[in-house]
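Here is the structure we will look at.
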Amino acid sequence: MRMMVGFLRKAPVLQVRFNLTASPTPQSLHFLLDHLYLFSSSSTSISTSEKPHPFTVSYLINSCGLSHKDARSASKYVHFESPDKPNSVLALFNSHGFSKTQTSKIVKKEPQILLSDPDKTLLPKLQFFYSKGASWPDIAKIVVCSPSILKRSLENQIIPSFNFFKDFLQSDKMAITVVKRFSRILLFDLHTYVASNMNALQEFGVPKSNIAGLLMNQPMAFMVRPNLFRENLEEVKKMGFNPSQMKFVIAIQAIRAGGKSSWERKIDIYKRWGWSEEEILLAFTKSPWCMIYSEDKIMATMDFFVNKMGRESSSIARRPQLISPSLEKRIIPREHKEMKLNDVAEDCLFNSENPFTISLRVSHLHT
């Protein structure tokens, strides 16, 4: 059965075919990449002053902790001759547990916030998140990740966007989880993008509970044009993933997380351990988590099994479930029990026993 793996570019979709009944032909492992998100890292352009203002620059350096370069840059967007207004903003952040480093990052990203009314404009937004179950440390992280939230309307933007997630997830706590994962999601047109992509998942037969899981773990996965998202779903389904199973949305999460450079670095890591492109493709279809774990996690796990346990790298490619944080924590042997752990790892690698059952056996060796 011929399968196609599509990877999205600005230009037409690149399609890669491989056969899952035999060994897949890796005509390209540059698959599932080149996805374009709806936003860039740059801020919305606003009018700037040509010359920096000495008092403002000095204040940004001495009171906000900006470097001289960053202060000069920020002073093009904000100007004040008195410290009263910015002092009141800094006092608000300080009184709600924001660290100096966090406040500095906020001012660097959105210096105009220093001219906001702390009681009428800023505090109600902080209190809203707190009322929905976010802790003050959580709120500080939300604002640091997306300071522009404080510039948006509470009634017209933040509350309706939050309620969108609450209505779908049926929980303030779960909605806050989404916001903590990716706070900028509150700033977009959710009905045009997120809702459309949720509908696409439902049309493909993905259970609502699995959609909720993807939304809470990887909300950025939904921030793609609906036509491209549907192409993602089509290609993942053609690879043999069943939409009714959680592995389907994990594959989507793997595709959308990290971006092209992260994906390619992980491909390179597996190749350095001797995996062929066919093995990487098959490992992904067996356990898409193998492309979600961090590069450090992959390296540490491979090093443990290959160099410390003396196993063949290809045997791990056949059992990609072994690349698991829980296994790494439980299998790393204590010196005086290394032989027993080697025996357990042998079972895990070459027998049919579930690796997560093996991990429980390993844990008993430590008791």
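Every value quoted in this text rests on a predicted model; they were computed, and no experiment measured them. Position 1 is the first residue of the sequence, and the numbers go up from there.
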Check: [Y] and [X] side chains under 4.5 Å, non-hydrogen atoms:
X	Y	value
Phe182	Met223	yes
Val89	Leu115	no
Leu233	Glu203	no
Leu114	Cys64	yes
Trp289	Ile323	no
Phe241	Glu235	no
Lys125	Ile149	no
Val78	Thr56	yes

Smallest separation among heavy atoms of [X] and [Y], with atom names:
X	Y	value
Thr301	Leu322	CG2-O, 3.7 Å
Pro219	Arg181	CG-CB, 3.6 Å
Leu126	Ile139	O-CD1, 3.5 Å
Ala212	Leu169	CB-CD2, 3.5 Å
Lys286	Pro320	CB-CG, 3.7 Å
His79	Glu81	CE1-OE2, 2.8 Å

Would you confirm whether [X], through its side chain, and [Y], through its main-chain N or O, come within 3.5 Å as a donor-acceptor pair?
X	Y	value
Thr121	Pro118	no
Thr285	Leu282	yes
Asn217	Gly213	yes
Tyr270	Ala317	no
Lys247	Ser287	no
Asp138	Lys180	no
Asn210	Val206	no
Gln157	Leu154	no
Ser146	Val143	no
Ser82	Asp84	yes

Going from [atom1] on [X] to [atom2] on [Y], what distance comes out if it is rounded to the nearest 0.5 angstrom?
X	Y	atom1	atom2	value
Ile106	Leu150	CD1	CG	7.0 Å
Gln102	Asn94	CD	CG	11.0 Å
Ile142	Trp136	CD1	CH2	10.5 Å
Asn197	Leu214	CG	CG	10.0 Å
Lys105	Cys145	NZ	SG	8.5 Å
Lys85	Ser116	NZ	OG	7.5 Å

Tell me yes or no: between the side chains of [X] and [Y], is some donor less than 3.5 Å from an acceptor?
X	Y	answer
Asp296	Ser294	no
Asp167	Asn163	no
Asp70	Ser73	no
Ser58	Asn62	yes
Trp275	Ser313	yes
Glu312	Ser314	no

Salt bridge present between Lys151 and Glu110 (N-O < 4.0 angstrom)
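So Lys151 pairs with Glu110 through a salt bridge.
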Quick one: do Lys271 and Glu277 make a salt bridge, cutoff under 4.0 Å?
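Salt bridge present between Lys271 and Glu277.
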Neighbour count >12 (heavy atoms, 6.0 Å) for atom [atom1], [X]:
X	atom1	result
Lys132	NZ	yes
Met174	CE	no
Lys266	NZ	yes

Suppose we screen for ring-ring contact (aromatic ring centres under 6.0 Å, His included). Which residues come up paired with Phe165, at least two apart in sequence or across chains?
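Expected list: none.
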Under the 6.0 Å and 45° cation-pi test, does Lys208 pair with Phe168?
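Flagged: Lys208 positioned over aromatic ring of Phe168.
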Evaluate the ring planes of Trp263 and Phe284, with Trp represented by its six-membered ring, and classify them as parallel (under 30°), tilted (30 to 60°) or perpendicular (over 60°).
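Aromatic pair Trp263/Phe284 classed perpendicular.
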Is the Phe229 ring parallel, tilted or perpendicular to the Phe222 ring (thresholds 30°, 60°)?
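Aromatic pair Phe229/Phe222 classed parallel.
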From CA spacing to verdict: side-chain contact (heavy atoms from CB on, under 4.5 Å), Phe162, Ile176
CA-CA 8 Å; Phe162 183 87; Ile176 279 292; 3.7 Å; yes
Please step through side-chain contact (heavy atoms from CB on, under 4.5 Å) for the pair Ile255 and Val236, ending with a clear verdict.
CA-CA 9 Å; Ile255 294 168; Val236 168; 3.3 Å; yes
Could you please spell out the steps behind the side-chain contact (heavy atoms from CB on, under 4.5 Å) verdict for Met299 and Ile269?
CA-CA 7 Å; Met299 285 294 294; Ile269 287 173; 3.5 Å; yes
side-chain contact (heavy atoms from CB on, under 4.5 Å) between Ser104 and Lys100, intermediate numbers included:
CA-CA 6 Å; Ser104 181; Lys100 291 183 178 180; over 6 Å; no
Centroid separation under 6.0 Å, is that true for the rings of Phe188 and Tyr193?
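Ring centres of Phe188 and Tyr193 not closer than 6.0 Å.
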Check whether the ring centres of His96 and Tyr130 lie less than 6.0 Å apart, and answer yes or no.
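No: the rings miss the under 6.0 Å criterion.
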